[in-house]
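Single-structure report; data block below.
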Amino acid sequence: MLLLASSAKGVCALLFGESAAALEEQLRQRFAAARLTRDDTGLGDWLSQVLAQIEEPRRAARLPLDIRGTVFQQQLWRALQQIPPGQTRTYGELAAQLDSHPRAIARACASNPLGLLVPCHRVIASDGRLSGYRWGLERKAALLKAEALAQDEPW
DNA sequence: CAACACCAATTGG
DNA sequence: CCAATTGGTGTTG
């Protein structure tokens with residue numbers, strides 16, 4: 001199940017979870033100070049764009065994003081968005097790019113509230129294997145496979 | 001503020 | 001294969 005949340009400025013969260021209740025809980029934790037209002041219809045348009053992107057990774061959804069986070073996180077997330085579908089970076093590469101440390105990269109990825117929209121699943125370990133994923137390695141592997149596949153397809 | 005714990009890593013022994 | 005190290009962040013005193 002999927003939860004899409006937005007602020008006045010844009011999409012601020014895209015989470016996976018077991019149930020609606022579990023998702024709301026995640027959301028509440030991530031934005032403790034926010035006043036949450038439910039909107040089952042207004043976000044439908046954005047949501048459908050997100051879903052379309054999942055099926056066609058190369059069509060990156062151009063949604064307004066409202067990314068809340070530290071400077072470091074924003075740098076990383078911006079860097080992640082530069083990674084084209086079907087490609088991957090290692091924690092080490094990103095660390096070098098941001099003049100930081102792999103462990104810090106991982107930590108920042110793990111706190112990315114924008115599942116899919118910030119392609120944190122394109123980050124892999126230095127030996128080329130998948131390491132971890134907030135919403136399950138299964139999902140990470142599936143996403144990467146889908147993207148790699150879409151890359152081969154002639155458009 | 002400082003101290004501490006928590007990790008989706010990496011490197012060296 | 002294990003352990004030591006490392007850095008950003010949230011929590012706690």
D99(A) atom CG, over 12 foreign heavy atoms within 6.0 Å: no
Under 4.0 Å protein heavy-atom contacts per nucleotide of nucleotides 1-8 of chain B, with B for base, S for backbone only and - for none: ------BB
From E147(A), R139(A), K140(A), residue fulfilling side chain to side chain donor-acceptor pair (under 3.5 Å) relative to H121(A): E147(A)
R89(A) (side chain) donor-acceptor with I83(A) (main chain) under 3.5 angstrom: no
P84(A) backbone acceptor or donor facing Q87(A) side chain under 3.5 Å: no
Short side-chain to backbone donor-acceptor contact, Q74(A) and G69(A), under 3.5 Å: yes
Q82(A) atom CD: more than 12 heavy-atom contacts under 6.0 Å: yes
Outermost DNA chain C nucleotides near chain A [under 4.0 Å, heavy atoms]: dT6(C) to dT9(C)
Watson-Crick or G-U wobble mate for dA8(B), both contacts under 3.5 Å: none
Enclosure of R68(A) CZ (heavy-atom neighbours >12, cutoff 6.0 Å): no
For W46(A) against L63(A), the heavy-atom pair lying closest together: CD1-CD2, 3.8 Å
